[in-house]
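Keep in mind that the numbers below use all heavy atoms, side chains included, and drop hydrogens, waters and symmetry copies.
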Amino acid sequence: MLLQHFRGNLENWDPELIDALAASRDVIAFDNVGVGATTGTTPHTFAQMADDAIVFVEAIGLDSIDVLGFSIGSFIAQEIALTRPSLVAKLILASTAPQGAPGMHGWAPDIIGAIGEPTTDAKGMLHAFFTKSPAGRDAGEQFLGRIFTRTAGRDEETTWQTRNAQYDAVVKWGTPNFGMLQRLAAIQQPVFIANGDDDRMIWPGEPGWRPTRSTADILPDDRELLHGDVEGHPVIKTFTRWARPTSTTIAPHPS
């Protein structure tokens with residue numbers, strides 16, 4: 001099951017990533033409550049978003065899933081594993097950080113300006129999700145081309161209410177609280193962590209701190225992968241390199 005990034009809907013999943021993951025397993029992508037075409041009001045905490053995702057999984061009749069969470073989706077994934085551990089077999093946390101981590105209390109002004117305005121555009125996505133190197137920009141343009149290939153039957157855009165609720169949840173999650181970091185120690189499932197080495201969205205203000213290392217230090221059973229020249233978003237830029245170790249770590253469920 002896939003959990004999407006800030007303001008993302010079904011259309012924001014890279015088709016090539018989905019194809020790579022779906023080569024050996026069933027893949028479920030959905031809009032959580034209030035997001036895209038799903039009705040309701042988006043809640044203001046990741047804990048409630050996790051509860052809503054659990055209700056969705058129950059509704060489709062599954063009792064064991066692997067979860068891939070991307071950016072704020074990785075925060076929701078952590079909450080699902082903590083709230084209903086029996087439901088989650090394995091976790092993939094991409095562009096992630098633990099609750100209460102230092103330097104996470106909101107995003108830099110240029111980042112929230114790029115993707116937090118009432119109307120977002122390709123320029124803002126490139127700024128927030130990709131580096132400024134030629135390789136980063138080329139990857140970004142290819143990604144945008146893929147997600148906008150389909151023109152008919154597209155998902156509904158996320159609303160301003162969803163934007164505000166999700167960012168409220170981001171700020172709450174990032175309120176410094178070292179005691180909250182230890183919550184991750186309760187996650188016993190195998191975890192694969194994938195972050196970029198220059199992620200300006202999931203990146204602390206304190207020198208020397210690394211969200212990947214901090215998360216991995218607390219989790220009892222994990223693998224970690226740190227990508228260069230990708231602004232924290234291996235799901236977007238490095239899907240082919242990233243999907244291979246993911247498929248190895250997260251083996252298909254028996255039929």
- Heavy-atom nearest pair, V35 first then T162, reads CG2-CG2, 4.0 Å
- Task: Please report the C-alpha distance between D52 and Q48 in whole Å, then the side-chain angles of each, then the deciding distance to 0.1 Å, and finally whether the side chain to side chain contact (heavy atoms under 4.5 Å, CB included) criterion is met.
- Result: CA-CA 6 Å; D52 292 338; Q48 184 58 56; 3.0 Å; yes
- Message: Restricting to non-hydrogen atoms, name the atom on V33 and the atom on P43 that form the minimum distance, rounded to 0.1 Å.
- Response: O-CD, 4.2 Å
- Message: Using 30° and 60° as the class boundaries, would you call the ring planes of H5 and F70 parallel, tilted or perpendicular?
- Response: perpendicular
- For A77 against V67, the heavy-atom pair lying closest together: CB-CG1, 3.7 Å
- Query: Just checking, any donor-acceptor pair under 3.5 angstrom between side chains of T96 and Q78?
  - Reply: yes
- Message: Salt bridge check, D51 against R84: does any charged N sit closer than 4.0 Å to a carboxylate O?
- Response: no
- Kindly compute the distance separating CG (L144) from NZ (K123), expressed to the nearest 0.5 Å. 14.0 Å
- Note on the structure: Between A186 and L82, the two heavy atoms sitting closest are CB-CD2, 3.8 Å
- Output yes when a side-chain donor or acceptor of R163 lies under 3.5 Å from a complementary backbone atom of Q166, and no otherwise. no
- I92 side, atom CD1; M1 side, atom CE - distance, nearest 0.5 Å: 12.0 Å
- Message: Would you call the rings of F46 and W173 parallel, tilted or perpendicular, taking 30° and 60° as the class edges?
- Response: perpendicular
- Could you grab the distance from atom CD of E117 to atom CD1 of I112, nearest 0.5 Å is fine? 8.0 Å
- Task: Flag yes if V55 and F30 sit in one hydrophobic cluster, no otherwise; membership is Ile, Leu, Val, Met, Phe, Trp, Tyr, and two members link when side-chain heavy atoms are under 4.5 Å apart.
- Result: no
- Task: Just do the salt bridge (Lys or Arg N to Asp or Glu O under 4.0 Å) check on R183 and E79 with the steps written out, would you?
- Result: CA-CA 10 Å; R183 298 168 74 241; E79 291 289 345; 3.0 Å; yes
